Amino acid sequence: MVHHSGSTENLLGCSEKITLNAPAKLNLYLEVLGKRSDGYHNLCSLFQMVGLYDSLSMTEVAVSKGLALKVEGVSGEISLAADASNLVLRAANLLQKEMQEAGFPARGARIHLMKKIPISAGMGGGSSDAAATLIGLNRLWSLGWSCEKLAELGGQIGSDLPFFFYGPTAWVSGRGEVVEPVSQVLEGIFLLVHPPFAVSTAAVFKAYEQARTQERENGNIELTNAATHLSIPLDVGLKPLAEEILRHPHNDLEKVTLSAHPVLKEIKVLLKSLGSECVLMSGSGPSLFAYFEDSDAANVAALQMEKHGHRVSVVPTLKQSPFKDFL
Ligand code: C5P
């Protein structure tokens with residue numbers, strides 16, 4: 001749901017408020033192509049927005065009040081600071097710096113973030129929140145900047161951000177900055193499993209490199225050539241259809257995270273036993289998803305997972321990005 005009133009601050013000092021729903025993403029396919037000279041990795045990944053959202057409300061305040069962030073909805077052991085390290089404030093600060101360099105006057109904003117997407121879980125929640133911040137403040141501050149410009153700024157904050165300007169479904173490559181939207185929309189339901197711990201993306205990529213070095217020394221290339229998992233070679237620019245991906249789900253980072261957290265292997269086995277043929281970890285994990293064609297089957301499987309003590313969500317694939325109305 002989207003609320004947007006078109007005026008700026010009125011005479012009584014009541015400010016415009018913009019509310020955006022920031023969706024989670026899943027990586028239906030993720031291949032690591034190799035390490036780059038800047039330390040990042042070139043990837044080839046199919047990103048899909050799904051119906052699990054954080055919510056961000058932004059209100060203009062006096063410029064003297066600067067930028068303020070309030071975070072709600074975070075419970076349990078995984079914390080999320082509301083300080084300058086938060087991707088929302090990093091996005092707001094970057095936008096403010098850029099607009100001042102472009103000759104716009106400084107503006108202030110109060111941002112309220114309600115978290116629902118698990119943190120550091122491979123579902124892009126922080127990236128989606130930061131993208132929502134750039135998109136929302138672009139409106140609130142009447143900058144009129146293009147989707148392309150905002151996506152480029154987003155890419156400076158995190159590799160997963162550019163996708164969120166072009167979803168709901170897209171092939172993502174390079175470090176994350178090359179986004180090719182897929183017009184054919186994937187339909188279906190995902191059962192998500194939310195393990196009660198966070199995973200550091202940087203640590204997963206590091207472990208992936210170590211494992212690759214080890215595999216090479218052992219003469220085993222299992223971790224290195226994910227393209228063999230698909231019938232169409234990825235390097236000729238022919239991207240397989242989503243259906244093909246669902247038949248051959250693959251994530252190069254999965255082996256690393258599953259080795260570090262064996263409970264994830266047990267969850268995968270359980271999910272497969274509940275009738276999904278497409279069960280995979282998203283991003284660097286630890287979230288796992290199982291694809292179902294219909295919601296009844298997904299709900300039955302969800303109940304079973306809950307009986308086994310797992311936290312789950314049942315969400316649809318998104319046919320349209322909730323950011324579309326703001327771009
Ligand atoms: O870009 P972001 O800050 O989200 O990346 C977190 C970490 O994940 C990076 O510091 C890097 O170690 C790793 N990464 C990578 N290649 C990518 C994306 C992320 O190596 N394409």
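From a predicted model like this one, the values you see are computed outputs, not experimental measurements. When a ligand or atom number is given, it counts from 1 through the structure's own listing order.
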Ion pair Glu306/Arg311, N-O distance below 4.0 Å: no

Quick test: of every protein heavy atom, which one is nearest to atom 10 (O) of ligand 1, and how far off is it to 0.1 Å? Ala202 CB, 4.2 Å

Rounded to the nearest 0.5 Å, what separates atom CZ in Phe47 from atom CZ in Phe164? 7.5 Å

Nearest to atom 20 (O) of ligand 1, what protein heavy atom do you find, and at what distance? His41 ND1, 2.7 Å

Report the nearest protein non-hydrogen atom to atom 19 (C) of ligand 1: residue, atom name, distance rounded to 0.1 Å. Phe205 CE1, 3.6 Å

Find out whether Asp129 and Leu87 are in side-chain contact, i.e. whether some heavy atom of one side chain is under 4.5 Å from a heavy atom of the other. no

For Asp160, is the nearest heavy atom under 4.0 Å from an atom of ligand 1? no

Restricting to heavy atoms, the pick from Ala203, Ser200, Ser159 nearest atom 2 (P) of ligand 1 would be Ser159

For ligand 1, indicate whether the residue Tyr40 contacts it via side chain, backbone, both or neither (heavy-atom separation under 4.0 Å). both

Just which atoms of ligand 1 are under 4.0 Å from any heavy atom in Gly158? 1 (O)

Give a yes or no on whether a salt bridge exists between Arg139 and Glu16, defined as a side-chain N under 4.0 angstrom from a carboxylate O. no

Sub-4.0 Å atoms of ligand 1 with respect to non-hydrogen atoms of Leu43: 21 (N)

Which heavy atom of the protein is the closest neighbour of atom 8 (O) of ligand 1, given with residue, atom name and distance? Thr201 CG2, 3.3 Å

Tell me whether Glu60 is salt-bridged to Arg107, with the criterion being a basic N under 4.0 Å from an acidic carboxylate O. yes

For residues Leu30 and Leu46, determine if any side-chain heavy atom of one lies less than 4.5 Å from a side-chain heavy atom of the other. no

Ile111 versus Leu137, closest heavy-atom pair with distance: CD1-CD1, 4.4 Å

